[in-house]
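By convention here, the first residue in the shown sequence is residue 1.
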Amino acid sequence: MAAWGWADGSLGDVRPYTITGGRTRATHALQLTTCLITRPAAPGTVHPSAEKEALLLHCSGAPRSVAELAALSRQPVQVVKVLIGDLLDCDALARANPAGAGADPDVHLLEALLHGLRTRL
């Protein structure tokens, strides 16, 4: 008979749920390629959790994509997106992509690039 309790590993999905405070949807439209960088914050305005502090640390010095942040923090992408949304809301993080970047790519430009690569090979 299998033992059911706190130590049997059946609660593996609870931690991400608690990290996000029970939220499952991000408040900002973020792509996997959206790049973020830390912003200087006024002292005492940001009191991040350990997970948010780690995201800020990863984004300091150089922009990081959402995908990179999920991999570095070893958290599901959706969890990271919720945490990033919180950090964007309190101005601790900023998007490093120019406006419109990360949206739908220019299909004509990509086709021209592909054509150029094919002709050189």
Side-chain angles (χ1 to χ4, degrees):
M1 178 177 222
W4 296 96
W6 292 99
D8 69 357
S10 64
L11 300 173
D13 292 336
V14 173
R15 179 152 168 72
Y17 184 82
T18 58
I19 290 172
T20 62
R23 295 168 294 148
T24 58
R25 295 184 191 249
T27 56
H28 295 267
L30 299 166
Q31 305 298 321
L32 291 175
T33 57
T34 301
C35 291
L36 303 140
I37 193 160
T38 54
R39 294 181 59 156
T45 58
V46 180
H47 301 287
S49 63
E51 293 80 13
K52 290 177 187 174
E53 185 69 39
L55 291 175
L56 290 171
L57 182 63
H58 291 309
C59 292
S60 64
R64 298 281 185 155
S65 71
V66 172
E68 286 179 289
L69 292 171
L72 289 168
S73 63
R74 297 183 179 157
Q75 293 294 332
V77 171
Q78 195 59 33
V79 170
V80 172
K81 284 182 176 183
V82 170
L83 298 177
I84 289 170
D86 293 345
L87 293 170
L88 286 169
D89 288 341
C90 68
D91 290 329
L93 277 181
R95 292 175 193 254
N97 302 52
D104 295 331
D106 182 0
V107 175
H108 298 294
L109 176 63
L110 293 175
E111 287 174 350
L113 176 64
L114 181 59
H115 176 70
L117 289 172
R118 285 182 179 158
T119 57
R120 289 185 182 246
L121 296 176

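- L87 and I37 fall into different hydrophobic clusters, where Ile, Leu, Val, Met, Phe, Trp and Tyr residues are linked whenever their side-chain heavy atoms come under 4.5 Å apart, directly or through other members.
- Here the CG atom belonging to L114 is positioned 9.5 Å from the OG1 atom belonging to T119, to the nearest 0.5 angstrom.
- Linking ILVMFWY side-chain heavy atoms closer than 4.5 Å, directly or via other members, places L36 and V77 in a single hydrophobic cluster.
- Evaluation of the side chain to side chain contact (heavy atoms under 4.5 Å, CB included) rule for V80 yields L55, L69, A70, S73, Q75, I84 as partners, not counting sequence neighbours.
- Under the side chain to side chain donor-acceptor pair (under 3.5 Å) criterion, T27 pairs with no residue at all, not counting sequence neighbours.
- Distance CZ/R39 to CG/L88: 9.5 Å, rounded to 0.5 Å.
- Evaluation of the side chain to side chain contact (heavy atoms under 4.5 Å, CB included) rule for S65 yields C35, A67, E68 as partners, not counting sequence neighbours.
- Between L56 and L93 the shortest side-chain heavy-atom distance falls below 4.5 Å.
- The side chain to side chain donor-acceptor pair (under 3.5 Å) analysis of residues 52-61, with sequence neighbours excluded, yields the pairs K52-D86.
- At least one side-chain heavy atom of T34 sits less than 4.5 Å from a side-chain heavy atom of R95.
- Note that CG of L83 is 10.5 Å distant from CD of Q78, once rounded to the nearest 0.5 Å.
- One distance of note links CD of E51 with CZ of R74; it measures 14.0 Å at 0.5 Å rounding.
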